Amino acid sequence: MDRRACAAPACLVFVHMFYPEPVSRLVLADLNPAQHRAATYGDGPLLAIAGAGTGKTKTLAARVAYLIDQGVPPERILLLTFSRRAAQEMLGRAGQMVGRTQVAKVWGGTFHAVANRLLRVHGHAVGVPPNFTVLDQSDCADLMNLIRTEQGWSESKRRFPKKDTLAAIYSRTVNTSIKLGQVLETWFPWCADDLDDMRGVFQMYLARKREQAVLDYDDLLLFWKALLQAPQAGELIAGSFDHVLVDEYQDTNALQADILASLRRSSRNITVVGDDAQAIYSFRAATVKNILAFPERFPGAEIVKLEQNYRSTPPILAVANAVMGEARQQYDKELWSRRPGEARPRLVTCLNETQQAQVVCDRVVEHLEQGIPLTHQAVLFRTGHHSDLLEVELTRRNVPFVKYGGLKFIEAAHVKDMLAFLRILENPDDDLAWFRVLQLLDGMGPRHAQAVLGQLRGQHSPGEARPNGALDRFLAEPVEAPVAASKQLDELRNALRDARSLGPAQRVERLRRFYDPVFERAYDNAAVRVRDLEQLEQLAGTYGTTRDFITDLTLDPPASTSDLAGPPLLEEDYLILSTIHSAKGCEWDVVHVIHAADGNIPSDMATGSAEEIDEERRLFYVALTRAKDWLHVYFPLRYYHRRHGRGDAHSYAQLTRFISPAVKAHFELDVVYDEQDSDALEAEAVARTPVDALLNQLWAD
DNA sequence: AATATCCGTATTTTT
DNA sequence: TACGGATATT
């Protein structure tokens, strides 16, 4: 049946009379009044404030389905999400309502992925060639470092910001659209003296990127914005979407808000969904202002609030609400739930990190025996390495797990190497890729690599269009290089020559024949890493072009190595370990939050300002609200310092400040160590220093 | 003189 | 993983 024929509601009723049940009816019957209002809102701007677990995904999915059902062509719907996973989830659900083939045409993905897609087609309008390659954050930092070194800053006596700081400052400036001087003053005051020199570095950074046809993450957004302002292309792109929907709007930045405004110059159909209480990405220049100012930027916006929580039991919500109730800024919503379940969240005080790891393992297994599979349980923590000890313990006990966040597949040196080969083939002007590849050869350090690169580029002064042909030149004529490298240089030449005419998977295969021997000498645990390369090769096989393969890999990197693993592994049951940031939008039956100590949550790195602490509080809130039925929060009393071989240097932790006495009252308090241990510990603490004794009293209650 | 190599140490969160 | 600093190698 052709649903697109029935555009008007009256027509739906008509269909209802003659067909068993029109799809949109089925969908909407399931929604509460607020969700229904959001899903079926007509034309014009719509702001949905959706608290944690209030069925946001369901509502947005229903809205997509509803729009399609109303006759909006799916390819004229743009759904911007925070991650690829979120887009897939939402479109998957919408697909169940109106059919997969329809939904497959919807433009869905992250801002960056959509920008990439548009720029491949329309980039010429803003001077972006279609074969551009994308720099990830560490590539940017590397490029900054290259310039930094060339400028002599690495040998200079004067302190000058390091590459990561430079990249962070640059990105912050771009994403906030604030002048460099003010950015330094506000967020990097210790670098304020370097303003002028930094300006020079950034100018060179820009010039380099342009001549190499590479874009960094920020460029994707900047050029998308520019594209929208270009006379013809802008009109064309803005006009090609009837509806724009944005998820997690609280975590978008000024640049993204500008893009949306440009995108909606004529049509006013825009839906944004978000929760100001869950804003946790200000370090990426996201600003809650976007969501707060939405009604002003899009006058006449309808505001819908989703407050009924379907995820968590009342006792879990009570804790979460109590934590947010003590926030400086008050949020005018409070979640409530009708879900059955009385199990109170548990606050587990452990002696130390080791015991914490053991108790977490114990409880995970208890829940497993109770019938809750590992995949329905998650351990959440503030930073990637917080799970180190736990990982060891889980491995020891043969509990399989998958870790999200932390060190990613794409950041592994050998994966970056392979990607660099592919980047050369895709975009021979990508000097960063050349630089990396050349240094893999024997006797080739930064100096020689630079020299070879100079030869490949030919005589060329900055700013001047370069003759296309670093790769052609490399394949055609020998280069001057250290003797030690000459044999490998020939092999590299052959590998690149052969690979050029092959498809993605065959390319990786051919390049590996060159790379594997190099790599086995370069890295110690080569055996483990080889598996990654095999997986990379396999993954490449699922792509039609190398271009798609490598951009996808940089824009939506697999969150964990197991993302790449084949079906057999995925069918197994495994525990989820995740940073709280990566846990956004997810939910589990059982959630274990570990390291709930001040210094970890809030992180020591983020206690500089009241705003930062507020964000840490929201982060803790996000962690708590991931739990459906059981919530365990763990707190180790004692932290050992980095082992220097001697003694047992340690310090005493304080329970996170976000669990105040009032909040604590909502918890079931678990003591998992002997009273004796605790007494001994206390005595020791008292004896050690008066300061520790004071601290000790603070949590002694 | 220019690189390569080894060692110890620190590292927030991510598109 | 990347760095700074030291030493070894060409």
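No experiment lies behind these values; they were computed from the predicted model shown. First the proteins, then the strands, lettered A, B, ... as listed; each starts at 1.
By the neighbour-count criterion of 12 heavy atoms within 6.0 Å, atom NZ of A:K209 is densely surrounded, having more than that number from other residues, nucleotides or ligands.
Using a 4.0 Å cut-off between charged nitrogen and carboxylate oxygen, A:D275 and A:K56 do not count as a salt-bridge pair. A salt bridge links A:R618 and A:E615; the closest N-O separation between the charged side-chain nitrogens and carboxylate oxygens is under 4.0 Å. In summary, A:D142 and A:K416 do not engage in a salt bridge, as defined by a charged side-chain N under 4.0 Å from a carboxylate O. Residues A:E491 and A:K487 are paired through a salt bridge, judged by an N-O separation under 4.0 Å between the basic side chain and the carboxylate.
The side chain of A:S582 places an N or O atom within less than 4.0 Å of a non-bridging phosphate oxygen (OP1 or OP2) of B:dT14.
The NZ-P distance, from A:K162 to C:dA2, rounds to 15 Å in whole Å. Rounding to whole angstrom units, CG of residue A:L553 and P of B:dT14 are separated by 17 Å. As rounded to whole Å, 15 Å separates atom C1' of C:dT1 from atom CD of A:Q439. The distance between atom CZ of A:R172 and atom C1' of B:dT15, rounded to the nearest whole Å, is 15 Å. Between the CG atom of A:D417 and the P atom of C:dA2 there is a distance of 10 Å, given to the nearest Å. Between the CE atom of A:M605 and the P atom of B:dT13 there is a distance of 10 Å, given to the nearest Å. Taking atom CD of residue A:Q450 and atom C1' of nucleotide B:dA2, one finds them 14 Å apart after rounding to whole Å. For the pair A:D164 CG and C:dG4 C1', the interatomic distance rounds to 15 Å; values are reported in whole Å.
When the C1' atom is used for both C:dG4 and B:dT12, the distance is 22 Å, rounded to whole Å.
With contacts defined as side-chain heavy-atom distances shorter than 4.5 Å, the pair A:S387/A:K403 qualifies.
Checking C:dG4, C:dC3, B:dT14 against every side-chain atom of A:K163, the shortest atom distance belongs to C:dC3. Listed nucleotides: C:dC3, B:dT13, B:dT12. Nearest to the side chain of A:N145: C:dC3. Side-chain proximity of A:R382 to the nucleotides B:dT15, C:dC3, B:dT12 is greatest for B:dT12. When distances are taken from the side chain of A:H581 to each of B:dT13, B:dT12, C:dG4, the shortest belongs to B:dT13. Nearest to the side chain of A:R284, among B:dT14, B:dA4, C:dG4, sits B:dT14. Distance from the side chain of A:T579 is smallest for B:dT14 among the nucleotides B:dT14, B:dT11, B:dT15.
Using cut-offs of 30° and 60° for the angle between ring planes, the A:Y543 and A:F549 rings count as tilted. The aromatic rings of A:F421 and A:Y515 sit perpendicular to each other, their planes meeting at more than 60°, with 30° as the lower class boundary. Taking the six-membered ring for Trp and thresholds of 30 and 60 degrees, A:W224 and A:F111 have ring planes inclined between 30 and 60 degrees apart.
Nearer to the 5' terminus of DNA chain B, by closest-nucleotide assignment, is the contact made by A:E616 (compared with the other of A:A113 and A:E616). Mapping A:H448 and A:H112 onto DNA chain B by nearest heavy atom places A:H448 closer to the 5' end of the strand.
The stretch residues 274-283 of chain A comes close to DNA chain B through A:Y281, A:F283, each having a heavy atom under 4.0 Å from the strand.
Contacts of A:P482 with the nucleic acid, taken as non-hydrogen atoms under 4.0 Å apart, are absent. Residue contacts for A:A413: at a heavy-atom cut-off of 4.0 Å it reaches the sugar-phosphate backbone alone, with no base atom in range. Counting any heavy atom pair closer than 4.0 Å across all strands shown, A:F111 reaches no nucleic acid atom.
Under 3.5 Å, the side chains of A:D218 and A:Y170 contain no donor-acceptor pair of N or O atoms.
Within the cation-pi definition used here (under 6.0 Å to the ring centroid, within 45° of the axis), A:R120 qualifies as a partner of A:F132.
Counting only Watson-Crick and G-U wobble pairs whose two key distances fall under 3.5 Å, DNA chain C forms stems of three or more stacked pairs at B:1-10 with C:1-10.
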